[in-house]
Amino acid sequence: MKLKIGDHYSFQKKVTDEDVKMFAEVSGDKNPLHLDDEYAKTTMFGQRIAHGMIGAGFISAAIGMGLPGLGTTYLDQTLSFKKPVFIGEELTAKVEVADIVEKKKFSIATLKTTVTNEAGDIVIEGEAKVIPPKEEL
């Protein structure tokens, strides 16, 4: 399949308590806002929230496993965190091809990236630049 402007792909997953705990362990980010119910009650959110980078990881899953897919090389990613993600929320990461620049030996695709919660609110938005695998060019 040849990659073209407008192509899109979505990845959906519920953010679980286990995801948050595993991410804290792997990343070293053990901020009590993510892990401590009592502390989180005292914050403006009133409850624990997931690490923003978990949602960003869902963008990576959409890119690496869906579009452009296996073998994609990540070059750049901008992220703007718009709303908190609460534990138990279902997120949908969507990537859409916005531009393709042909180089001598490869192409660079610019992808619009968004993550929405189950209410349809954008929680993360940004842009990625990737080198698609050869078979997608």
[Y] and [X], any side-chain heavy atoms less than 4.5 Å apart:
{"X": "Glu89", "Y": "Val15", "result": "no"}
{"X": "Asn117", "Y": "Leu91", "result": "yes"}
{"X": "Thr114", "Y": "Glu96", "result": "no"}
{"X": "Thr78", "Y": "Thr113", "result": "no"}
{"X": "Val97", "Y": "Leu111", "result": "yes"}
{"X": "Val123", "Y": "Lys82", "result": "no"}
{"X": "Gln47", "Y": "Asp37", "result": "no"}
{"X": "Ile108", "Y": "Lys103", "result": "yes"}

From [X] atom [atom1] to [Y] atom [atom2], the distance as rounded to the nearest 0.5 Å:
{"X": "Leu35", "Y": "Ile49", "atom1": "CG", "atom2": "CD1", "result": "11.0 Å"}
{"X": "Phe23", "Y": "Thr16", "atom1": "CZ", "atom2": "OG1", "result": "13.0 Å"}
{"X": "Thr73", "Y": "Ile131", "atom1": "OG1", "atom2": "CD1", "result": "5.0 Å"}
{"X": "Lys105", "Y": "Lys134", "atom1": "NZ", "atom2": "NZ", "result": "8.5 Å"}
{"X": "Ile54", "Y": "Asp19", "atom1": "CD1", "atom2": "CG", "result": "6.0 Å"}
{"X": "Leu3", "Y": "Thr72", "atom1": "CG", "atom2": "OG1", "result": "8.5 Å"}

Exercise for review: Run the numbers on Lys21 and Glu18 for salt bridge (Lys or Arg N to Asp or Glu O under 4.0 Å), then give the verdict.
Suggested key: CA-CA 5 Å; Lys21 289 176 181 172; Glu18 185 65 21; 5.7 Å; no
Is [X] linked to [Y] within one hydrophobic cluster, defined over Ile, Leu, Val, Met, Phe, Trp and Tyr using a side-chain heavy-atom separation of less than 4.5 Å?
{"X": "Tyr9", "Y": "Tyr74", "value": "yes"}
{"X": "Leu79", "Y": "Ile122", "value": "no"}
{"X": "Phe45", "Y": "Ile124", "value": "no"}
{"X": "Leu33", "Y": "Ile87", "value": "no"}
{"X": "Phe58", "Y": "Phe86", "value": "no"}

Review point. Can you name the residues that form a ring-ring contact (aromatic ring centres under 6.0 Å, His included) with His34, not counting sequence neighbours?
Key: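 Scan of His34 (ring-ring contact (aromatic ring centres under 6.0 Å, His included), adjacent residues dropped) gives His51.
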Give a yes or no answer on whether the side chain of [X] reaches the backbone of [Y] with a donor-acceptor pair at less than 3.5 Å.
{"X": "Asp29", "Y": "Asn31", "result": "yes"}
{"X": "Glu118", "Y": "Glu90", "result": "yes"}
{"X": "Ser80", "Y": "Glu125", "result": "no"}

Check your understanding: Take atom NZ in Lys13; do more than 12 heavy atoms of anything else shown fall under 6.0 Å from it?
Key -> yes
Review point. Which atoms form the tightest heavy-atom contact between Lys2 and Asp7, and what is the distance?
Key: O-OD2, 3.9 Å
Study note, to complete from the structure: When every non-hydrogen atom of Pro132 is compared with those of Pro68, the smallest separation belongs to CB-CB, 3.9 Å
Check your understanding: Is there a donor-acceptor contact under 3.5 Å linking the side chains of Glu102 and Ser107?
Key -> yes
Practice item. Answer yes when Arg48 and Asp36 have at least one side-chain N-carboxylate O distance shorter than 4.0 Å, and no when they do not. Key: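 Result for this pair is no, no salt bridge flagged.
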